[in-house]
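Just so you know, these numbers use all the heavy atoms, side chains as well, and skip hydrogens, waters and symmetry mates. Letters go in sequence order (proteins before strands), and every chain restarts at 1.
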Amino acid sequence: MSFNEIFDQYDWEEAKASIIAKTPRDVENALLAEKRTPEHFKALISPAAQSYLEYMARLSHSLTRKRFGNTIQLFAPLYLSNECNNICTYCGFSFDNKIKRKTLSASEILLEINELKNHGFQHILLVTGEAGHTVNIDYFLKAVELIRPHFANISLEVQPLEHDEYHLLHQCGIHSVLVYQETYNKQQYNTWHTKGKKANFNYRLQTPDRIGKAGMHKIGLGVLLGLDDWRTDSFFCALHLHYLQKTYWQTRYSVSLPRIRPAEGLVQTGNSITDAELVQLICAYRLFKEDLDISMSTRETETFRNNIIKLGTTTISAGSKTNPGGYIVDPQSLEQFEISDERSPEQMAALISSLGYTPVWKDWDKHLQS
Amino acid sequence: MQKLTIAHRQFESRLFLGTGKFGSPEIMEQAILASSTEMVTVAMKRVDTATIEDQLLSHLQLPHLNLLPNTSGVRTAKEAVFAAKLAREAMETNWLKLEIHPDPRYLMPDPIETLKATEELVKLGFIVLPYIHADPVLCKRLEDVGTAAVMPLAAPIGSNKGLKTLDFLEIIIEQSKVPVIVDAGIGSPSDAAKAMELGADAVLVNTAIAVAGNPVEMALAFRLAVEAGRKAFESQLAAISDQALSSSPFTQFLNYEL
């Protein structure tokens, strides 16, 4: 049994229509419910819920504070490689982009992590493209061995791996794995993912099950907002979370809400999501899952990030570079996407404090994983 | 007011505080001072043992304040024992709040792993205060393996729902030979006062203070409530009754005089 079997019972167009059909009464029922279901989530992301946005924001704010307190967790991404054999029409690392490819060596990794440590980071997210011949389990294990002594918490955002590989990585100190489906629209998926292993929709969809079975402490999901209809995609993502939480009940979950950013060679999709809609989506996730980590990257603008800290977000990156070697080794190499909020980690921490929140640098310990 | 004794250590205050969720370390410190607490619990995972001057710990260097490291984040007895040893080394105390909640959603304590870990940690010389469900039998089993106190939950952590487990807390308090510290779910000073009136030896509060509009004033409110509840308990509350106790026709025939 995996999520794929549940997913196959749904039809994209039917789901889309049922979200659009939600009424103000449905929204009110969802807002007042003690425990919320995927149907409630649909109502909360529906067009009908837009006029309840201020109320949703207040609820989201208070639920988040109750659960997470007045704190915001900080992390930094570390891009290890931009080598990639996939063609994804929205990504700067796409195989067909004629850019200089780079994979960090051991000594380069040490230089980069030293720079991140100087800024105070204790939680780090390792990111790569998909180039299994060079950037594979052996590479990841070596990288983790180098990085582990220096950080309290290591997350991984790389190509989908096998169950045994996740198990091994967890044993070696990986705390969390993030894997985004990008879009749950199976019919359209290959429009964006035309070549490479990533073109296999079903294998990607099964990945969180493999991570869960491997006993990973946290799994991160997400869709690339703007590829397809954000409402329908987010509903399926919520459904996926709901299933995983019941199945791998010892695991924590996070969701990221990346909007398509300008990148090298990007194709326009015509499915953008507005600021108000993104706030609606953040609040809907919070109302659906009180314990969900909601992560916000530097793709968003300063103003937007300043304001969503109080609305349900729990985790943010700061001072990010999305190119391998971007912090110190090779700042000029090509980035995966353009970041928008360029404030330093120190400035971000000061902003968080000024809003009455504690910036949390450390919320795990490497010794908790033996 | 009687002093509280846990493992031969005496406490004037019967209010314990958690240190998470505060908007800043300064507010946390002021709330601790206002509460007059002598015991705060600190999550090991939040403490940076690598740096000499941890930001959190530097705000907890207060006279009369004892630190109670907790194992939040562990999922098994084995992990808990490991974390406990780390805590003992880093914070130089053999006191430990044992928290094993493999369920990250409601943070429900695992009774089986908790019992196993308590037994092992007691043998290793720890003063163990386990966070548990309000399960009277588990409390007795923990006593048997040498727990220093029990910390049954009133409601899920952070829920502020109050004494949802009231009936079981009463049984635990009635039967316990070790101090009973009601932990988790206490949402308001009246909840704390009620727990103390029932005879709980202490209460632990975090969310209700840290997330209050004014955490420092709320800490003071909890201090007053805990003192009021304890005083009421020690003064022996008058019994609750629906009807007046009048001379009863049942024993009239005995025809005796008082």
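- The main-chain N or O of B:V47 is found under 3.5 Å from a side-chain atom of A:K362 such that the two form a donor-acceptor pair.
- With rounding to the nearest 0.5 angstrom, the CG atom of B:L107 is 4.5 Å from the CZ atom of A:R67.
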- Check against side chain to side chain contact (heavy atoms under 4.5 Å, CB included), A:D363 and B:R46: CA-CA 5 Å; A:D363 192 28; B:R46 284 274 170 99; 2.9 Å; yes

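- Nearest heavy atoms, A:T358 versus B:F22: OG1-O, 2.7 Å.
- Interface remark: A:T71 contributes side-chain atoms only to the contact with chain B (heavy atom separation under 4.5 Å).
- In this structure, the portion of B:N160 lying under 4.5 Å from any heavy atom of chain A is its side chain and not its backbone.
- Annotation for A:H163: atom NE2 counts as buried by contact number, over 12 foreign heavy atoms lying within 6.0 Å.
- With a 4.5 Å cut-off on side-chain heavy atoms, B:K21 and A:N70 do not count as touching.
- In this structure, the portion of B:A212 lying under 4.5 Å from any heavy atom of chain A is its backbone and not its side chain.
- Looking at A:K289, only its side chain comes within 4.5 Å of chain B, counting heavy atoms on both sides.
- Heavy-atom minimum distance, A:K66 versus B:T207: O-CG2, 3.6 Å.
- Among the residues in residues 65-77 of chain B, those with a non-hydrogen atom closer than 4.5 angstrom to a non-hydrogen atom of chain A are B:S72, B:G73, B:V74, B:R75.
- For the side-chain contact (heavy atoms from CB on, under 4.5 Å) with B:R105, the lone residue among A:D291, A:T251, A:L292 that qualifies is A:D291.
- B:P104 has its side chain out of reach of A:Y253: every pair of non-hydrogen atoms, C-beta onward, lies at least 4.5 Å apart.
- Atom OH of A:Y180 sits in a crowded spot, with more than 12 heavy atoms from other residues, nucleotides or ligands closer than 6.0 Å.
- Atom CD of B:E120 sits in a sparse spot, with 12 or fewer heavy atoms from other residues, nucleotides or ligands closer than 6.0 Å.
- Neither the backbone nor the side chain of A:E290 comes within less than 4.5 Å of any heavy atom of chain B.
- The 12-atom threshold is not exceeded at CD of A:E145, counting heavy atoms of other residues, nucleotides or ligands nearer than 6.0 Å.
- With a threshold of 4.5 angstrom between heavy atoms, B:I157 does not approach chain A through any atom at all.
- Considering NZ of B:K45 and CG of A:N153, their distance stands at 10.0 Å, rounded to 0.5 Å.
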